[in-house]
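The next block holds one structure in the form of structure tokens; read it before the comments.
Remember, it's 1-based here, ligands and their atoms both numbered in the order they're listed.
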Amino acid sequence: MIQISERVQLLNDKPANNDGKYVLYWMQMFKRAEYNHALNFAVERANERRLPVVVYEGLKYYYPWASDRIHTFILEGVAEKRKAFEKLGIKYVFYLQKDERSPKDTVARIARDAALIVTDDFPCFIIPRHNAAIVRKAEIPVYAVDSNGVVPMSRFEKEEYAAYTIRPKIKKMLGDYLKPFEEVKPLVRAGENLKIDCPDTDVAENGIEKLVAGCAIDHTVKPSFVYRGGTANGRRRLKKFVAEILPDYDAARNRPERDGSSRLSAYLHFGYLSALEIALAVRDADAPAASKEAYLEELIVRRELSYNFTRFNPDYDSLKSLPPWVQETMRRHADDHRAPVYTLDELEAGRTYDELWNAAQREMVVTGEMHNYVRMLWGKNVIGWTRSYEEAFAILEHLNNKYCLDGRNPNSYAGILWCFGKHDRPWMERPVFGTIRYMTSASTGKKFDSKRYIEWTKTLAQGKLF
Ligand SMILES: Cc1cc2nc3c(=O)[nH]c(=O)nc-3n(C[C@H](O)[C@H](O)[C@H](O)COP(=O)(O)OP(=O)(O)OC[C@H]3O[C@@H](n4cnc5c(N)ncnc54)[C@H](O)[C@@H]3O)c2cc1C
């Protein structure tokens, strides 16, 4: 692997196919036609070779936690991309692999006629494995491009310890990156007769339910009635956020009973919106400086700390990635008595004695998201209610990634592990938690109108948000 520029890595040393008919961009996580460094890189390489670009996006049925919710959110973004790419003269192929009888190995098949492959560099979940697999199969160069955050991940040389270590570094570099994005336009349009060796699924707005029903996935996790996939829907929310919510963000973001945060994390996770586009919109907004700063702290410092963590720590999805002080305190408190103890089924059904916790669980199950403030409490409580730290982590990872549209993301792992002390510091010693920061529903619930929040989550099943 060679880092050839701040955002681009060459993953192998194969020669380009000079008879290639196109440059292939395998779009995995940055599901957008603008503000996309990977797409730009593919277009530049194609322009150099006077070739058209083919964008391939696949959706398989067997990724972990595949469900109606996640599939629907992805399919809702397909039609707008087809339109955008058609306008640009880029060939877009979307393939929905429904079950084990469906054609396989599509990327390798499309790659046979490509000069080279460009794909997304996303530091977590199934993407690093996908990229390793295509490197094994491809006989042409494979480039992975980082379009995750405002500052490229390669600007950090190692795993950062906490927000206070990454923050000054980001602040120093931000001026270089918080700039309008320059889109590169393709010089050669993909012709009508360009044949691609892969099925192309027709995804019409009104056919999504049927397509999803035909896939061998978990049909019990229903599509979100709050979040609709796609860049246009993400931009609609961004516009509303900047105009109506951002001015009061600093005060309202820790009020789960209000619509006081951006609710953009699902759009960020699936790459429908780029962090840069959001950051520029917030920077240029007519809003108090304190709110803008508070928002950019979350969007850039906290989020990029998570990406740094999963990029540099191979154990990001286990307790092994926790710092020595946490390992030590967990060793000392592993055998502490826990009561009550709940099973995964009880937790999943939101059947605990704690009404606030049950409400947070309900919000996640119904809407596909849980508010940040209760998410911290949600994670902390599970540590106290399970037989071991390992079991608590496994349950949190499973529930977060199964129900949350923004799950399976670096923020998922950094967020869950934060509940165990990651990116935090030791606090006062107590049973079970040792020196890991402790939170109770009783004290957290006093910091906002928890009664209203609990009642609000009960109305969610009627399909109304606020
Ligand atoms: C137990 C636990 C699990 C979590 N799981 C996820 C997850 O699966 N996916 C996810 O994106 N976030 C996760 N977070 C972080 C945070 O809760 C969400 O990013 C936030 O709730 C998203 O809502 P929002 O878009 O309205 O945030 P806003 O307050 O509007 O913030 C703007 C953006 O900044 C980023 N951000 C906000 N808070 C954090 C944070 N603490 N750490 C890193 N980035 C942050 C997000 O990208 C967010 O969209 C988790 C936190 C905890 C404690």
Q) Which of these, Ala360, Ser412, Ala279, Ser261, has its nearest heavy atom closest to atom 26 (O) of ligand 1? A) Ser261

Q) Backbone, side chain, both or neither: what part of Phe241 comes under 4.0 angstrom of ligand 1, heavy atoms only? A) neither

Q. How does Glu369 reach ligand 1, if at all, at less than 4.0 Å between non-hydrogen atoms: by side chain, backbone, both, or neither?
A. side chain

Q) Going by atom types alone, do Thr106 and Tyr56 pair a side-chain donor with an acceptor below 3.5 Å? A) yes

Q) Do Glu298 and ligand 1 have an N or O pair less than 3.5 Å apart? A) yes

Q | Stacked cation flag Arg32 on Tyr25, 6.0 angstrom / 45 deg | A | no

Q. With no hydrogens and no angle check, do the side chains of Glu298 and Asn372 hold a donor and an acceptor under 3.5 Å apart?
A. no

Q: Compute the shortest N/O to N/O distance between Trp418 and ligand 1 and return yes if it is under 3.5 Å, no if not.
A: no

Q. Would you call the rings of Phe73 and Phe270 parallel, tilted or perpendicular, where under 30° means parallel and over 60° means perpendicular?
A. tilted

Q: Check each heavy atom of Ala414 against ligand 1 and say whether those closer than 4.0 Å belong to the side chain, the backbone, both or neither.
A: neither

Q) Quick one: does ligand 1 sit under 4.0 Å from the side chain of Leu268, the backbone, both or neither, non-hydrogen atoms only? A) side chain

**Q.** Test item: side-chain donor near acceptor, Tyr307 and Asp146, under 3.5 Å
**A.** no

Q) Going by distance alone, is a donor N or O of one side chain under 3.5 Å from an acceptor N or O of the other, for Glu348 and Tyr403? A) yes

Q: Please work out whether any backbone atom (N, CA, C, O) or any side-chain heavy atom from C-beta onward of Ser262 is under 4.0 Å from ligand 1, and answer side chain, backbone, both or neither.
A: both

(Q) Tell me the contacting part of Asn401 for ligand 1: side chain, backbone, both, or neither, using a 4.0 Å heavy-atom threshold, strictly below. (A) neither

Q. Are any of the N/O atoms in His371 less than 3.5 Å from those in ligand 1?
A. no

Q) Between the candidates Leu396, Asp406, Leu417, which shows the shortest non-hydrogen contact distance to atom 9 (N) of ligand 1? A) Asp406

Q) Can Tyr177 and Arg155 be counted as having a side-chain donor-acceptor contact under 3.5 angstrom? A) yes

